[in-house]
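Accompanying notes for the structure given below.
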Amino acid sequence: MEELLYTLNPAQRHAVTFGDGPLLIIAGAGSGKTRVLTYRIAYLLWRGVPPETILALTFTNKAADEMRQRITALVGSSRAQRLWMGTFHSVFARILRAEAERLGYTPDYTIYDTEDSTGLLRFLLRQLGIGPHVLDPSAARHAISRLKNQLISWQEAAAAATTPRERLVAQLYREYDQQLRANNAMDFDDLLLNTIRLFHHHPDVLARYQERFRYVFVDEYQDTNRAQYVALRLLSSRFRNLCVVGDDAQSIYRWRGADIRNILDFERDFPDATLIRLEQNYRSTKRILALADALIRHNRHQIPKQLWTENPDGEPATLLVCADERDEAAQVVEYIRWEHERGRRYGEIAVLYRTNAQSQPLEEACRRAGIPYVLVGSLSFYQRKEIKDALAYIRLLVNPADSVSWLRILNVPPRGIGAATLEHLRTAARQWNCSFFDALQRCDSIPEIRRSARETLRQLIELLHRFRTALGSYPLEVLVLEYLEAVGLLGYYRGDEDEERYQNLERFIATVAEYAEQSPAPTLQEYLQHVSLVSEIDQAPATGEAVMLMTLHAAKGLEFPVVFITGVEDGLLPIAHAARVLEELEEERRLLYVGITRAQHRLYLSYAQYRRRWGEVLPSRPSPFLSELPAEHIRIEYSPNAVPGAGVFAHRPQASADTSPAVSDDGFSGMRPGARVRHPVFGIGLVESLSGHGQERRVLVRFATVGRKLLLLRYAQLQVLE
DNA sequence: GACCTGCTGATTTTT
DNA sequence: TCAGCAGGTC
């Protein structure tokens with residue numbers, strides 16, 4: 001241990017050997033954050049702290065696995081295995097399973113993913129007779145999720161609602177909540193919310209966990225939302241050994257409820273907290289760091305910090321100007337080849353982009369050039385239709401009350417259960433005031449349902465029951481295989497002309513077998529939880545010999561010798577609608593910052609002059625962020641297919657600092673407090689005030705639909721109404 | 001109740 | 001461009 005400490009810089013060592021009490025570590029990109037976290041945990045273990053009293057929470061499974069591996073390497077697996085380590089969601093799911101009865105759930109509760117939730121809401125909206133134009137199911141899900149993340153109950157939401165829309169959301173929230181309970185199901189947000197509820201309503205349970213967790217660690221703290229923060233405070237209040245590590249400059253999950261206040265409030269809630277800054281960067285060259293730093297300085301909201309490095313200066317970044325997205329992909333591939341020829345392994349190269357859709361031309365170009373690549377993320381295996389069908393069947397074995405799964409599979413494969421039958425079941429459930437499943441079981445007493453349909457339902461329920469009772473007696477994968485065959489799902493997809501679906505199902509059963517092999521005591525319930533909370537990103541092979549293709553979000557926490565960031569264009573990065581709201585624009589800037597700081601030695605940025613978007617070829621402009629990067633660290637390379645000169649100086653504002661057309665008064669005459677304006681998304685609003693100058697000119701508008709918004713004038717596409 | 005067709009909106013990001 | 005949904009037809 002002493003030797004390990006010797007390898008750390010003073011700030012890192014301070015953090016690792018810090019005694020008891022709240023600790024806030026602001027860790028800049030590449031400053032050895034994970035190292036500090038793992039060493040500190042190892043240090044505590046070395047000092048004799050029992051591993052089962054340490055709780056370490058991460059944001060992704062990947063981060064948790066990596067941390068556990070590193071700690072295993074330091075202290076051995078017997079102790080590392082006993083640590084409580086995982087994502088917020090998986091650790092809380094585990095706690096909730098142990099305490100489910102206290103909340104009126106059974107330990108077999110089902111976890112709904114986003115799609116399940118949206119489906120349930122679509123169902124409820126239809127039941128309320130509300131069309132998607134009034135309230136779209138996924139917008140409703142988003143709104144409810146936001147409320148939940150802020151710990152607002154439906155009662156509170158209803159009380160606070162002022163607009164018809166808010167009232168509707170509150171009503172829907174209530175129905176949704178009741179449905180979840182009736183289904184013995186929780187959505188992602190509930191895993192946090194219900195844990196907090198559990199702690200609030202059962203002080204004895206809280207006390208038990210407080211007593212257990214003497215040390216609590218949180219990685220990527222800037223990504224926590226309000227609910228997570230409250231849970232943390234509750235859990236750590238007994239020993240107050242809460243150690244959080246984060247970097248506000250890398251906060252890229254605001255849209256998911258991540259609340260930057262959690263960093264700022266930490267020192268307020270823990271006045272005796274110690275703040276340690278890790279500012280020495282071990283990852284990137286000086287020039288890459290200079291680019292990142294210059295960029296992030298344009299953000300107004302941030303904790304001041306100065307990253308520095310002893311690494312060499314390195315090369316300037318290369319900006320590739322390309323004709324269109326295919327040309328861009330071709331250029332990227334060419335430079336990948338160039339790097340490879342100079343001894344760079346493919347596995348040391350990553351290509352990053354803003355949206356998953358951008359991966360397609362890149363994949364194609366790689367394939368054509370014979371360059372091995374791995375696509376990280378994108379449509380998860382477990383989100384495919386056929387896999388979700390299979391999962392729905394399996395969920396019902398574990399939790400038959402899950403009406404969402406029933407609705408999904410009742411007529412898959414088609415067995416003559418249509419809208420009419422469903423409607424009768426629903427009516428019956430309402431009449432008898434029972435769950436959907438209860439109504440289903442009593443379908444024989446619903447005369448409105450056709451005899452043949454009743455018979456089909458009865459057989460299905462019986463089949464399910466048979467497999468349910470057989471649950472413990474067969475190997476998991478055998479049971480699943482026979483079950484899916486018996487209900488007709490395998491046969492259904494086997495007959496499909498599209499063979500991929502059937503192959504996916506085979507793969508799926510193989511993953512069940514794999515799980516059963518790895519787990520000491522495999523259960524379907526545990527398997528389902530695993531599937532619900534583990535994304536494919538987590539399983540992305542730590543590959544050796546393939547170029548990694550992934551979104552900027554997925555790249556967080558990773559590093560690569562060579563990084564390409566593609567599509568650095570206005571409307572893509574920043575993404576179109578984000579550019580209009582200052583907070584969102586700053587988040588986009590942080591996203592690019594995250595991308596740049598992934599690079600160790602070489603950085604490439606690229607943009608296309610034309611890009612096909614939703615089927616149409618549109619001219620594309622370079623991202624305004626490019627103009628924020630110091631020119632001396634960038635070398636511009638034109639694709640032979642690109643129009644030279646054009647568009648390059650568009651991002652060099654020194655030529656036209658205050659006369660650039662977007663900022664000039666032309667088109668904005670009449671923009672003054674009191675003016676009525678129209679915004680393409682928010683509709684009509686009233687200008688309250690103006691601030692800033694030139695490029696930074698901002699306007700505060702009150703919209704009827706969304707309330708007050710602070711907008712950057714040069715992006716907002718505001719139209720002044722006379 | 002099954003199947004077909006046309007429309008719409010998505011292309012943010014994920015536990 | 002395309003998938004998924006809604007509505008219409010047989």
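Not one side-chain nitrogen or oxygen of A:N356 sits closer than 4.0 Å to the OP1 or OP2 atom of B:dT11. OP1 or OP2 of B:dT14 sits under 4.0 Å from a side-chain N or O of A:T551. For B:dT15, the OP1/OP2 oxygens have no side-chain nitrogen or oxygen of A:S90 closer than 4.0 Å.
Picking from B:dT13, B:dT15, B:dG1 the nucleotide with the shortest atom distance to the side chain of A:F188 gives B:dT15. Which of B:dT14, B:dA2, B:dG1 sits closest to the side chain of A:Y253 comes down to B:dT14. The listed nucleotides are B:dG1, B:dT13, C:dT1; the one nearest the side chain of A:A420 is B:dG1. Side chain of A:T421, nearest nucleotide from B:dT15, B:dT13, B:dG1: B:dG1.
Between the C1' atom of B:dT15 and the CG atom of A:N149 lies a distance of 10 Å, rounded to the nearest Å. Atom pair A:I417:CD1 and B:dG1:P shows a separation of 8 Å (rounding to whole Å applied). The interatomic distance linking A:I252 (CD1) with B:dT14 (P) rounds to 9 Å, in whole Å. The CG-C1' distance, from A:D113 to B:dT14, rounds to 11 Å in whole Å. Between A:R94 atom CZ and B:dT15 atom C1' the separation is 18 Å, expressed in whole Å. Straight-line distance from the CD atom of A:E220 to the P atom of B:dT15: 13 Å, rounded to whole Å. Rounded to a whole Å, the CZ atom of A:R451 is 16 Å from the P atom of B:dG1. The separation between A:H142 atom NE2 and B:dG9 atom C1' is 17 Å, rounded to whole Å.
Within 6.0 Å of atom CZ in A:R326, 12 or fewer heavy atoms from other residues, nucleotides or ligands are found, so the atom counts as exposed in its surroundings. Atom OH of A:Y610 is surrounded by 12 or fewer heavy atoms from other residues, nucleotides or ligands within 6.0 Å.
Looking at heavy atoms from C-beta onward, A:D389 lies in side-chain contact with A:Y493 at the 4.5 angstrom threshold. You'll find the side chain of A:K385 reaches within 4.5 Å of the side chain of A:R501, heavy atoms only. Under the 4.5 Å side-chain criterion, counting only non-hydrogen atoms from C-beta, A:V244 is not in contact with A:T224.
Using a 4.0 Å heavy-atom criterion, one finds that A:D189 contacts no nucleic acid atom at all.
For the side chain to side chain donor-acceptor pair (under 3.5 Å) criterion with A:Q529, the lone passing option out of A:R97, A:H89, A:R94 is A:R97.
Side-chain N/O atoms of A:R256 and base N/O atoms of B:dT15 include a donor-acceptor pair closer than 3.5 Å. A donor-acceptor contact under 3.5 angstrom links the side-chain atoms of A:T114 to the base of B:dT15.
Projected onto DNA chain B by closest heavy-atom contact, A:R612 and A:R450 fall at different nucleotides, the more 5' of which corresponds to A:R450. Between A:G418 and A:H553, the one whose closest nucleotide on DNA chain B sits nearer the 5' end is A:G418.
Atom P of C:dG4 sits at a distance of 15 Å from the matching atom of B:dT13, rounded to the whole Å.
Salt bridge A:D187/A:R141: absent, no basic N to carboxylate O contact under 4.0 Å.
A ring-centre distance under 6.0 Å is found for A:W84 and A:F213.
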Where along nucleotides 2-10 of chain C does protein come under 4.0 Å, by heavy atom, of base (B) or sugar-phosphate alone (S), with - for untouched nucleotides? ---SS----

